[in-house]
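Working notes, structure below.
In what follows, chains are A, B, ... by sequence order, proteins preceding strands, each numbered from 1.
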Amino acid sequence: MADVYRSSIGEPTAVRRVLIGTTLLFLVAFLLLPLVVVFTQAFAKGLGPVLTALADADTLASIRLTLLAAAIAVPLNTFFGIAAAWAVAKFEFRGKSLLVTLIDLPFSVSPVIAGMVFVLLFGAHGWFGPWLAAHGVKIVFALPGIVLATTFVTVPFVARELIPLMQAQGTDEELAALSLGASGWRTFWHVTLPNIRWGLLYGVLLCNARAMGEFGAVSVVSGHIRGLTNTMPLEIELLYNDAGALNAAFAVAALLALLGFVTLVAKNFLEWRHGDELAALRGH
Amino acid sequence: MNAVIADPAIGPQLSTRTVHKRARAPRSALPGFGLSLGFSVVYLSLLVLLPLAAVFLRAAGLGLDGLWRALATERVLHALALSFGGAATAAAINAVFGGLVAWTFVRYEFPAKRWFHALVDLPFALPTAVAGIALTTLYSEHGWLGAPLAKLGIKVAYTPLGIVVAMVFIGLPFVVRTLEPVLSEAEAQFEEAAATLGATRWQTIVHVIAPTVLPALMTGAALAFARAVGEYGSIIFIAGNVQKVSEIAPLLIMIRLDEFDYAGATALAASMLVLSFGVLLAINLLQAWSRRRG
């Protein structure tokens with residue numbers, strides 16, 4: 001019976017094998033090899049040179065700056081994501097689909113343009129440039145610009161994970177808690193937050209990976225001053241273009257690739273461990 | 001008598017009014033609507049909308065003449081054509097291979113499937129600068145893939161072909177992840193029915209499977225396209241960045257900014273945004289259309 005079922009809607013074994021083979025070949029060539037190349041290049045001469053490259057004062061400064069920018073941008077977008085998801089998923093209102101479209105907007109804006117908008121506003125020749133200069137405030141080519149650009153490109157990540165999850169969960173549990181006399185905040189902390197924690201964690205991880213890895217937007221507003229306004233991705237570019245520092249470039253790249261790798265592993269662990277709670281997320 | 005006539009007249013009026021009012025106000029009894037919506041709107045406006053509006057205001061300030069002067073040069077037009085043409089090519093490649101990958105994952109079992117499945121999200125998680133130098137090393141003349149391809153006379157790194165390779169890399173997960181849920185929901189019983197009625201497997205694929213997954217495939221390809229058009233980090237290392245050959249539009253914006261040519265940068269950015277928003281609008285219309293069908 002199983003054979004009849006298979007032959008009526010499945011492909012012949014030979015066709016199936018060709019399709020699986022082509023898929024695996026494509027995935028290995030386009031996705032696996034680039035990842036492997038980063039680590040083989042970085043560790044070509046063993047662990048020693050990698051550690052030496054990472055211990056360089058300018059590289060350490062770039063790691064600190066990247067961590068700092070992410071430490072500001074990720075919490076901001078986490079608060080925004082929770083607030084936006086609460087409004088979109090728990091209430092009906094006019095212009096909701098417009099709001100959802102606007103949340104996704106940064107995804108379809110080139111990172112270079114995302115950085116450029118802040119140069120147009122706060123740069124030396126920007127609208128607020130002269131005023132900022134007169135008051136001694138530096139935004140572009142300094143930390144605030146880097147944080148603004150990073151925050152811009154990572155706006156959608158947490159909200160996008162939470163909206164479908166909270167929509168699927170509905171409002172029954174919250175209404176029950178409220179009817180039993182819990183306050184709004186108490187309901188949020190003890191009912192909503194535990195329900196969305198794994199989706200929230202995944203959204204924060206993705207947001208963080210993008211925040212630490214952002215290149216184009218930060219490149220526009222950074223000014224590329226080594227040891228001062230260079231983030232890790234910019235440091236990679238600088239080292240890569242410096243003929244003698246190729247291995248150092250791949251050492252920093254391996255550290256960032258590790259971040260991406262951990263994000264992927266965490267995602268799959270969450271899906272495996274909390275698959276039911278995250279079911280609403282599939283397809284995103 | 002009058003009162004009796006008036007009643008049914010007022011009745012429906014009142015009820016339509018209540019229904020209308022209910023549709024406007026939040027239907028839920030939960031607190032925090034004003035606070036969460038207010039915060040979201042203010043945050044998005046300050047961080048995203050107003051800065052983007054600045055680009056259009058500044059572009060408008062150039063006037064049609066200024067826009068034309070900034071855009072109608074061979075270098076700019078070539079950069080735009082390369083970004084949009086390359087992204088369209090990559091989206092088409094991703095539609096084919098992404099479709100194949102999604103199909104294989106949903107329908108077949110094979111060793112290490114979990115690991116390969118996890119790998120699909122890599123372009124989402126790997127920083128673009130890392131992807132850029134990795135792809136360049138891989139496809140350069142002495143690279144693992146570049147060396148055998150060079151023997152066949154195919155040069156990938158530092159050519160427009162390299163740009164398309166990078167765009168395929170970053171766009172792939174959009175197609176696979178959009179398609180998978182639709183493919184796994186597409187019920188096998190319709191395929192069985194078609195087979196029972198005497199359809200060949202090929203006829204079933206073309207007439208039964210393709211129409212159900214086509215909207216999702218187009219949505220995924222459009223998302224991949226939108227991402228690839230504006231992509232910068234994973235492309236500039238492998239592109240070679242030769243004027244009028246392999247110089248993408250985002251790089252040209254970067255160059256204009258470095259030259260303090262704000263007019264040129266703004267005009268190019270505004271035209272890219274208009275074109276990209278057109279694609280975004282098309283995606284939304286497509287999704288609305290497929291929801292109506294489904």
Task: Residue pair B:Val130, A:Phe250: steps toward the side-chain contact (heavy atoms from CB on, under 4.5 Å) verdict - done: CA-CA 8 Å; B:Val130 179; A:Phe250 274 102; over 6 Å; no
Task: Region of A:Leu246 in contact with chain B, defined by heavy-atom distances below 4.5 Å - done: neither
TODO: Check A:Leu31, A:Thr263, A:Leu206, A:Leu264 against B:Asp121 for a side chain to side chain contact (heavy atoms under 4.5 Å, CB included) and give me the one that passes.
DONE: A:Leu264
TODO: Please flag which part of A:Ile236 lies under 4.5 Å from any non-hydrogen atom of chain B: side chain, backbone, both or neither.
DONE: side chain
TODO: Check whether A:Ile113 gets within reach of chain B through its side chain, its backbone, both or neither, counting any heavy atom under 4.5 Å.
DONE: side chain
- [ ] Could you check whether the rings of A:Phe80 and B:Tyr43 sit parallel, tilted or perpendicular, using 30° and 60° as the cut-offs?
- [x] parallel
Task: Closest heavy-atom pair and its distance - A:Trp86, B:Pro31 - done: NE1-O, 3.1 Å
Open item on the list: Quick check: closest heavy atoms across A:Ala83 and B:Ser40, and the distance to 0.1 Å?
Closed with: C-OG, 3.6 Å
Task: Side chain / backbone / both / neither for A:Asn208 at chain B, heavy atoms under 4.5 Å - done: neither
Open item on the list: Would B:Phe33 and A:Phe93 count as a ring-ring contact (aromatic ring centres under 6.0 Å, His included) here? Give the steps.
Closed with: CA-CA 10 Å; B:Phe33 175 68; A:Phe93 56 93; 5.4 Å; yes
Task: Part of A:Leu178 lying under 4.5 Å from any heavy atom of chain B - done: side chain
- [ ] Report yes if the side chains of B:Pro51 and A:Phe118 come closer than 4.5 Å at any heavy-atom pair, otherwise no.
- [x] yes
Open item on the list: If I take atom CZ from residue A:Phe215 and atom CD1 from residue B:Ile236, how far apart are they, to the nearest 0.5 angstrom?
Closed with: 4.0 Å
TODO: Assess whether atom CH2 of B:Trp115 is packed by more than 12 heavy atoms of other residues, nucleotides or ligands within 6.0 Å.
DONE: no
Task: Non-hydrogen atoms of B:Met254 and A:Gly216 that approach each other most closely - done: CE-O, 4.0 Å
Task: Toward chain B, the part of A:Val220 with a non-hydrogen atom under 4.5 Å - done: both
Open item on the list: Please identify which of these residues, B:Leu122, B:Thr104, B:Val101, meets the side chain to side chain contact (heavy atoms under 4.5 Å, CB included) condition with A:Leu27.
Closed with: B:Val101
Task: Test ring-ring contact (aromatic ring centres under 6.0 Å, His included) applied to A:Phe30 and B:Phe169, step by step - done: CA-CA 6 Å; A:Phe30 269 84; B:Phe169 174 84; 8.1 Å; no
Open item on the list: Which one wins on heavy-atom pair count under 4.5 Å against chain B: A:Leu121, A:Leu102, A:Leu33?
Closed with: A:Leu33
Task: Smallest separation among heavy atoms of A:Ala29 and B:Leu138, with atom names - done: O-CD2, 4.1 Å
- [ ] Could you grab the distance from atom CG of B:Leu257 to atom NE2 of A:His125, nearest 0.5 Å is fine?
- [x] 11.0 Å
TODO: Flag the one option from A:Val155, A:Leu24, A:Val252, A:Leu205 with the top tally of heavy-atom pairs under 4.5 Å to chain B.
DONE: A:Leu24
Open item on the list: Could you report the tightest heavy-atom contact between B:Glu109 and A:Ile20, atom names first, then the distance?
Closed with: O-CD1, 4.1 Å
Open item on the list: I'd like to know whether CZ of B:Phe105 has more than 12 heavy-atom contacts from other residues, nucleotides or ligands below 6.0 angstrom.
Closed with: yes
Which atom pairs, donor and acceptor, lie under 3.5 Å between side-chain atoms of residues 270-282 of chain B and protein residues at least two apart or in another chain?
| residue | atom | partner | partner atom | Å |
| --- | --- | --- | --- | --- |
| B:Ser271 | OG | B:Ala267 | O | 3.2 |
| B:Ser271 | OG | B:Leu268 | O | 2.8 |
| B:Ser276 | OG | B:Met272 | O | 2.9 |

Task: Residue list, side chain to side chain donor-acceptor pair (under 3.5 Å) with A:Thr192, at least two apart or on another chain - done: A:Glu174
TODO: Tell me, for A:Leu19 versus chain B, whether the close heavy atoms (under 4.5 Å) come from the side chain, the backbone, both or neither.
DONE: both
TODO: Would you please classify the geometry between the B:Phe97 ring and the A:Phe26 ring as parallel, tilted or perpendicular, with 30° and 60° separating the classes?
DONE: parallel
TODO: Count the heavy atoms belonging to other residues, nucleotides or ligands that lie under 6.0 Å from CZ of B:Phe56, then report whether that count exceeds 12.
DONE: yes
Task: Top contributor to chain B contacts, counting heavy-atom pairs under 4.5 Å, from A:Asn268, A:Leu35, A:Val38, A:Leu120 - done: A:Leu120
Task: A:Arg210 side chain reached by B:Phe124 side chain, heavy atoms, under 4.5 Å - done: no
Task: Proximal component of A:Leu105, with respect to chain B [non-hydrogen, under 4.5 Å] - done: side chain
- [ ] Counting only heavy atoms closer than 4.5 Å, note whether A:Gln41 contacts chain B via side chain, backbone, both or neither.
- [x] side chain
Task: Engaged part of A:Leu76 at the chain B interface, taking heavy atoms whose separation is under 4.5 Å - done: both
Task: Residue part contacting chain B, namely of A:Ile103, when any heavy atom lies under 4.5 Å - done: both
